[in-house]
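Structure first, commentary second.
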Amino acid sequence: MYATNAATTATEKKSKKMLLYLTGLVFAMVGCSYAAVPLYRRFCQATGYGGTVQRRESVEEKIARHATDGTVTSREIVVQFNADVADGMQWKFVPTQREVRVKPGESALAFYTAENKSSAPITGVSTYNVTPMKAAVYFNKIQCFCFEEQRLLPGEQIDMPVFFYIDPEFETDPRMDGINNLILSYTFFKVSDDNK
């Protein structure tokens with residue numbers, strides 16, 4: 001009888017230990033899922049993965065440096081705009097203009113429009129990329145709505161500006177030969193339903 005109790009006690013200890021491990025694993029996975037978006041964003045910005053613009057020198061520093069150097073460019077780049085929403089996101093999201101023509105070294109302003117087509121408030125956040133990916137390093141956003149939560153009430157519509165600058169070094173980089181079009185693409189993802 002003592003052997004049976006000892007075996008039962010050992011089995012209970014193993015079961016409790018396994019329960020603790022599994023509970024810890026569940027909490028770790030939940031924590032990882034919450035950390036995934038900010039970690040992925042940092043990874044993309046650090047490596048340029050997926051056409052995300054890398055940050056080395058600030059835009060202000062680049063503009064000042066090229067103004068001091070007297071850099072002059074003649075090549076015209078067509079920047080086209082794309083807008084998408086993730087599945088289940090009840091927003092209409094479109095670029096206000098189809099394209100903008102800009103020379104390297106010039107800044108430009110573009111707008112996107114978002115409208116909540118649902119009957120409830122929706123909070124969304126956008127990510128972006130630039131294609132072709134190898135040109136993304138020369139595309140600098142000065143002001144943008146990306147990675148910031150946007151909350152729209154039912155039927156609400158807003159215009160969101162994107163102020164950007166194409167580095168003049170774009171024109172002198174031999175890897176950019178033949179690249180005269182860039183695509184700036186944004187995708188909005190649903191963050192939460194705010195029924196307040």
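Owing to the predicted nature of the structure, the values given are computational and were not obtained by experimental measurement. Residues: numbered from 1 along the sequence shown.
Across every non-hydrogen atom of Q97 and A110, the tightest pair is NE2-CB, 3.2 Å. Here the closest non-hydrogen pair linking C146 and S126 is CA-OG, 3.2 Å. Contact between I122 and Q90 at its shortest, heavy atoms only, is CD1-CB, 4.1 Å. Taking both residues in full, the closest heavy atoms of F145 and M160 are given as CD2-CB, 3.4 Å, listed atom of the first, atom of the second, then distance. Minimum interatomic distance between F170 and A135 (heavy atoms only, all atoms of both residues): CE1-CB, 3.8 Å. Closest heavy-atom contact between S107 and V102: O-CG2, 4.4 Å.
Side-chain heavy atoms closer than 4.5 Å link hydrophobic residues (I, L, V, M, F, W, Y) into clusters, and following such links, possibly through other members, connects V85 to I158. Note on V78 and M176: separate hydrophobic clusters, where clusters join Ile, Leu, Val, Met, Phe, Trp and Tyr whose side-chain heavy atoms are under 4.5 Å apart, directly or indirectly.
With contacts defined as side-chain heavy-atom distances shorter than 4.5 Å, the pair Y112/V162 qualifies. Side-chain contact between N140 and D167: present, with at least one pair of heavy atoms (C-beta onward) separated by less than 4.5 Å. Contact check for E106 versus Y165: no side-chain heavy atoms found under the 4.5 Å cut-off.
The CG atom of L152 lies 13.5 Å from the NZ atom of K92; values are rounded to the nearest 0.5 Å. For the atom pair CD1 (I142) and CZ (F164), the distance works out to 9.5 Å, reported to the nearest 0.5 Å. A distance of 11.5 Å separates OH of Y138 from CD of E171, quoted to the nearest 0.5 Å. One finds the CD atom of Q157 at 12.0 Å from the CH2 atom of W91 (value rounded to the nearest 0.5 Å). Considering CZ of F189 and CG of D87, their distance stands at 9.5 Å, rounded to 0.5 Å. The line from CG of N129 to CZ of F139 is 10.5 Å long, rounded to the nearest 0.5 Å.
Checking side-chain atoms of S118 against main-chain N and O of A120 turns up a donor-acceptor pair under 3.5 Å. Judged purely by atom type and a 3.5 angstrom limit, T96 uses its side chain to pair as donor or acceptor with the backbone of F111.
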N/O donor to acceptor pairs below 3.5 angstrom from side-chain atoms of residues 12-28, sequence neighbours left out:
unit_1 : atom_1 : unit_2 : atom_2 : d
S15    : OG     : T11    : O      : 3.0
T23    : OG1    : L19    : O      : 2.8

Side-chain donor/acceptor pairs under 3.5 Å, residues 177-186, sequence neighbours excluded:
unit_1 : atom_1 : unit_2 : atom_2 : d
N180   : OD1    : R75    : NE     : 3.2
N180   : OD1    : R75    : NH2    : 3.4
S185   : OG     : N82    : ND2    : 2.8

Open item on the list: Does R101 form a salt bridge (charged side-chain N to carboxylate O under 4.0 Å, His left out) with E99? I'd like the steps, not just the answer.
Closed with: CA-CA 7 Å; R101 296 177 181 274; E99 64 185 34; 3.5 Å; yes
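Between the side chains of T127 and T187, no donor-acceptor pair of N or O atoms lies under 3.5 Å.
Relative to the ring axis of F163, K141 does not place its NZ or CZ within 45° and under 6.0 Å from the centre.
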